[in-house]
Structure formats: structure tokens, C-alpha cells
Amino acid sequence: SAGSPNVSWTVRGRSPVVALCHRPSSVPIGSRPRWRNGLRSMAMAVSTQLLSDSALPDLKRAPERTAIVVGSNLCNVDTVSRVSRELAEGGVGATSPMDLPNASPNVVASSVAILHRFSGPNLLVSGFACVERAMQIARRLVAARRADHVLVIGVEPPTREAVQIGSERSGALAVLI
């Protein structure tokens with residue numbers, strides 16, 4: 001996602017902590033279970049990787065003070081495309097009840113919050129420069145004292161649908177501020 005390469009983020013005198021995670025090459029596109037799309041899996045993996053760093057503050061002490069903001073241009077385009085296709089071809093009986101919750105873009109942020117037991121605000125931002133906007137929202141949450149820490153995740157899906165509409169990039173990154 002977009003953003004100025006010269007932007008430096010500092011919140012209350014702290015620099016953000018960054019972790020990178022890319023789709024594992026051992027998991028081919030489209031091979032995940034239907035109920036867990038690639039976007040959600042990547043966001044959960046990168047957040048777990050970042051939060052496993054022992055140098056980070058203990059966020060479990062006040063989980064209600066930790067927010068999650070996810071930025072994704074294409075969100076869950078794979079799930080929405082597949083469910084739409086299945087509904088058009090076979091009606092309501094052709095799709096799984098597990099698919100409907102996954103069609104909500106905020107399922108990514110909610111899944112990360114549930115995984116780490118954070119109960120602060122969580123949301124997904126999509127569209128142009130979404131990760132930069134997610135960082136701005138994170139800064140505002142801290143400045144307004146709605147959260148002590150914000151886990152910001154930028155993620156793009158490694159799916160056929162994303163490639164079909166012109167996205168050649170996939171991957172995830174996480175920043176804790």
C-alpha cells in the first residue's frame with residue numbers, strides 16, 4: 001500500500017516496532033480452508049510474529065487498551081467473489097453458512113483481536129493509501145487516549161481474484177505503536 005517513504009512515525013516519544021511476514025511459499029494460492037481466507041491467515045501470522053518479541057510491552061495486562069487497525073486495498077475480495085459466484089450459480093444452498101461472516105471486511109481485524117484477546121477498538125481501512133490512513137487512525141486513537149497501544153497491520157491477499165483485477169503484490173506487515 002501507498003505512503004510516503006520519507007514518513008517517520010513516533011508516538012509519545014516511542015518509535016514503532018515493525019515485523020514483516022510474507023505468504024509462505026509452501027501454501028499455494030487457493031489451498032486454505034474456505035473458512036480461513038489468505039488475508040486473515042496472513043494478518044494473524046504477522047501479528048503473532050510481532051507480538052512474540054519479548055522486548056515489547058506486555059499487552060495482556062490491559063487488553064482493553066490495545067486497538068487493532070488493519071489496512072487492505074483489496075480486503076477479502078476472494079471470499080466476496082467466490083460467495084457471489086456460488087450464489088449466482090446455485091442459489092443460497094450452494095454456499096456455506098461459514099462464508100457469510102468472512103464476507104465482512106472487518107473479519108480480519110476481529111480475528112486478530114480474538115486471537116490475541118484484545119478488546120480495544122478494531123477496524124479495517126480500505127482503499128487508496130489505506131495503510132497510511134490506518135497509521136493516522138492509530139495515532140489518533142493514542143492521542144485521544146482510546147488506546148495505549150495500537151497494532152497496525154497492512155495486508156494484501158495472495159489470491160487468484162486479486163491477480164485477476166491487477167494486483168501483483170501480496171504480503172503483510174505489522175507495526176505496534
Side-chain angles (χ1 to χ4, degrees), residues 1-3 16 18-23 29-30 32-51 59-60 62-87 92 95-162 165 167 169-177:
S1 289
V18 180
L20 276 177
C21 177
H22 293 283
R23 177 179 59 88
I29 290 174
R32 287 181 178 79
R34 288 171 56 142
W35 53 269
R36 179 173 285 171
N37 62 25
L39 191 73
R40 192 162 121 193
S41 296
M42 289 168 50
M44 292 167 79
V46 74
S47 66
T48 300
Q49 179 183 340
L50 175 68
L51 296 174
L59 303 178
K60 304 287 184 198
E64 72 283 356
R65 302 290 305 156
T66 302
I68 298 169
V69 183
V70 176
S72 180
N73 237 351
L74 299 174
C75 301
N76 54 351
V77 67
D78 56 335
T79 303
V80 172
S81 297
R82 185 176 38 74
V83 169
S84 297
R85 190 173 47 253
E86 289 173 354
L87 286 172
V92 176
T95 189
S96 166
M98 296 297 290
D99 285 331
L100 190 55
N102 288 329
S104 166
N106 203 53
V107 72
V108 177
S110 300
S111 296
V112 172
I114 291 167
L115 174 67
H116 298 295
R117 298 187 172 148
F118 296 144
S119 54
N122 70 73
L123 64 130
L124 182 131
V125 180
S126 66
F128 180 74
C130 58
V131 176
E132 185 174 355
R133 287 196 339 254
M135 291 291 287
Q136 291 168 349
I137 291 169
R139 286 182 30 194
R140 289 182 188 137
L141 285 169
V142 172
R145 298 178 190 233
R146 297 276 321 271
D148 294 333
H149 298 282
V150 182
L151 177 60
V152 180
I153 300 170
V155 62
E156 291 303 332
T159 62
R160 284 185 211 96
E161 292 82 3
I165 61 174
S167 175
R169 297 181 188 173
S170 70
L173 64 88
V175 179
L176 180 67
I177 57 174

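Side chain of Arg146 to main chain of Gly120: no donor-acceptor pair is present (N/O by atom type, distance under 3.5 Å, no hydrogens or angles).
In this structure, Met135 and Val69 have side chains that are not in contact, with every pair of non-hydrogen atoms separated by 4.5 Å or more.
In this structure, Ala43 and Val155 approach most closely via the heavy-atom pair N-CG2, 4.3 Å. Across every non-hydrogen atom of Met42 and Glu156, the tightest pair is CE-O, 3.3 Å. Taking each heavy atom of Leu115 and Ser47 in turn, the nearest pair found is CD2-OG, 4.4 Å. Here the shortest heavy-atom pairing between Arg117 and Pro63 reads O-CB, 3.0 Å. What you find for Val152 and Ala134 is that their closest heavy atoms are CG1-CB, 3.9 Å. Taking all atoms of both residues into account, the shortest heavy-atom contact from Arg65 to Arg145 is NH2-O, 3.0 Å.
Rounding to the nearest 0.5 angstrom, the gap separating the CD1 atom in Ile68 from the CG atom in Leu141 is 11.5 Å. Put simply, CD on Glu132 and CD1 on Ile137 are 11.5 Å apart, with the number rounded to the nearest 0.5 Å. Note: Leu123 CG to Ser110 OG = 9.5 Å, rounded to the nearest 0.5 Å. Here CD1 of Ile177 is found 12.0 Å from CG of Asp148. Values are rounded to the nearest 0.5 Å. The CG atom of Asn106 sits 9.0 Å away from the OG atom of Ser111 when rounded to the nearest 0.5 Å.
The side-chain hydrogen bond (donor to acceptor under 3.5 Å, both in side chains) search around Thr66 returns none, not counting sequence neighbours.
Just one residue in the list Leu51, Val46, Asn122, Val70 forms a side-chain contact (heavy atoms from CB on, under 4.5 Å) with Leu151, and that residue is Leu51. The only option from Val112, Leu50, Val175 that meets the side-chain contact (heavy atoms from CB on, under 4.5 Å) definition with Ile153 turns out to be Val112.
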| task | Could you give me the CA-CA distance, side-chain angles and deciding distance for Val108 and Ser72, then say whether side chain to side chain contact (heavy atoms under 4.5 Å, CB included) is met? | result | CA-CA 10 Å; Val108 177; Ser72 180; over 6 Å; no

